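No experiment lies behind these values; they were computed from the predicted model shown. We count ligands from 1, going down the list as the structure has it; atoms in each ligand are counted the same way.
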Amino acid sequence: ASSLRRAVHAIIMGPPGSGKGTVSSRIVRDFDMRHLSSGDLLRAEIASKSACGIEAEKYITTGKLAPDTLMVDLILSQLQKLPSGTNWLLDGFPRSLGQAESLSEKEKVDFVINLDVPFDTICERLSGRWTHLPSGRVYNVGFNPPKVAGIDDITGEPLVQREDDKIETVHKRLQTYQTQTLPLLEFYRKRNILHSYSGTKTDEIWPNVKAFLETILVDPKQRRHA
Ligand code: G5P
Ligand code: MG
């Protein structure tokens with residue numbers, strides 16, 4: 001009785017540059033899930049110069065976390081806008097215990113995918129990342145270069161290097177991850193919903209993530225290429 005199935009709610013976690021955006025784009029390509037990236041949402045708020053964007057920008061450019069209340073309001077309001085029954089995948093939220101607790105008060109989370117990628121690999125990757133800000137699409141000079149340098153494949157619009165991908169800010173973001181976000185793994189491990197994938201290459205991690213998702217999203221309607 002697929003009409004009775006409950007929506008699937010998932011989180012993708014991992015340090016900055018671990019491939020959350022890259023893996024998420026493969027998930028939405030192959031499965032019926034809505035991807036919500038907290039970083040993409042914040043960058044959209046900054047671009048539109050909203051009060052929330054102006055507030056958040058100070059934190060992003062220094063590699064710190066934006067305040068919990070701002071993030072919880074932003075994400076929960078987005079989730080409320082989704083039609084009921086939507087399968088969702090949160091990328092980059094929650095990132096603190098406070099955020100995780102607020103989320104768990106409002107929403108059931110079925111599983112957490114954790115990308116465990118060494119910090120050395122990350123520093124190398126982020127220096128070669130190019131981003132299409134309006135869509136959040138990411139490229140990398142070596143790994144998945146755009147067809148034309150500096151131009152988004154789909155829209156033909158310019159790509160930019162994110163302000164916070166400067167090496168000093170990357171180090172700060174990794175520190176923030178270690179002190180504030182890493183403890184969340186334990187929060188979800190205790191609830192028996194944490195699934196970790198280790199590696200230095202997304203192409204090696206992805207088949208394992210995909211195989212896991214196929215065991216959860218078993219209804220053919222939830223698979224794009226079934
Ligand atoms: P974001 O935007 O969530 P981060 O730092 O968590 O930022 P980021 O940088 O977006 O995460 P990612 O999505 O994990 O990284 O990784 P990605 O973009 O897919 O891949 C990184 C690069 O590596 C890309 O160029 C990709 O092409 C390449 N790549 C992928 N796989 C491979 C591979 O196998 N090989 C190679 N060579 N390359 C590969 O958050 C930004 C800021 O917003 C605030 C914070 O200030 C945060 O710092 N924020 C929040 N604050 C508070 N609470 C929250 N919940 C917040 N969320 C965001
Ligand atoms: Mg990302």
Gly92 N/O under 3.5 Å from ligand 1 N/O: yes
What protein heavy atom lies closest to atom 1 (P) of ligand 1? Include the residue and the distance to one decimal. Arg95 NH2, 3.2 Å
Does ligand 1 have any atom that is closer than 4.0 Å to a heavy atom of Glu204? no
Nitrogen or oxygen of Asp203 less than 3.5 angstrom from that of ligand 1: no
Side chain proximity check, Thr176 to Thr181, heavy atoms < 4.5 angstrom: no
Are any of the side-chain nitrogens in Asp165 or Arg173 under 4.0 Å away from the carboxylate oxygens of its partner? yes
For Ser38, is at least one N or O under 3.5 Å away from an N or O on ligand 1? yes
heavy-atom search around atom 26 (C) of ligand 1 in the protein gives Thr22 OG1, 3.8 Å
For ligand 1 and Asp165, I'd like to know whether there is a polar contact (N/O to N/O, distance under 3.5 Å). no
Does the N or O separation between Tyr139 and ligand 1 drop below 3.5 Å for any pair? yes
Pair Asp203 + Arg26: basic N to acidic O under 4.0 Å: yes
Could you check if a side-chain atom of Ser38 sits within less than 4.5 angstrom of a side-chain atom of Leu90, using non-hydrogen atoms only? no
Using heavy atoms and a 4.0 Å limit, tell me yes or no: is Ser18 in contact with ligand 1? yes
Report the relative orientation of the aromatic rings in His195 and Phe111; use parallel for angles under 30°, tilted for 30 to 60°, perpendicular for over 60°. perpendicular
Would you say Asp91 has any N or O atom under 3.5 Å from an N or O of ligand 1, going by distance alone? no
Answer yes when Asp153 and Arg137 have at least one side-chain N-carboxylate O distance shorter than 4.0 Å, and no when they do not. no
Give yes if a backbone or side-chain nitrogen or oxygen of Gly19 is under 3.5 Å from a nitrogen or oxygen of ligand 1, and no if not. yes
Would you call Arg43 a ligand 1 contact, heavy-atom distance under 4.0 Å? yes
Please state whether Gly63 comes within less than 4.0 angstrom of ligand 1, counting heavy atoms only. no
Any N or O of Gln99 that comes nearer than 3.5 Å to an N or O of ligand 1? yes
Nearest neighbour in protein (non-hydrogen) for atom 39 (C) of ligand 1: Phe143 CD2, 3.3 Å
Whether the Gln180 and Ser96 side chains hold a donor-acceptor pair (N or O, under 3.5 Å, no angle test) is what I'd like checked. no
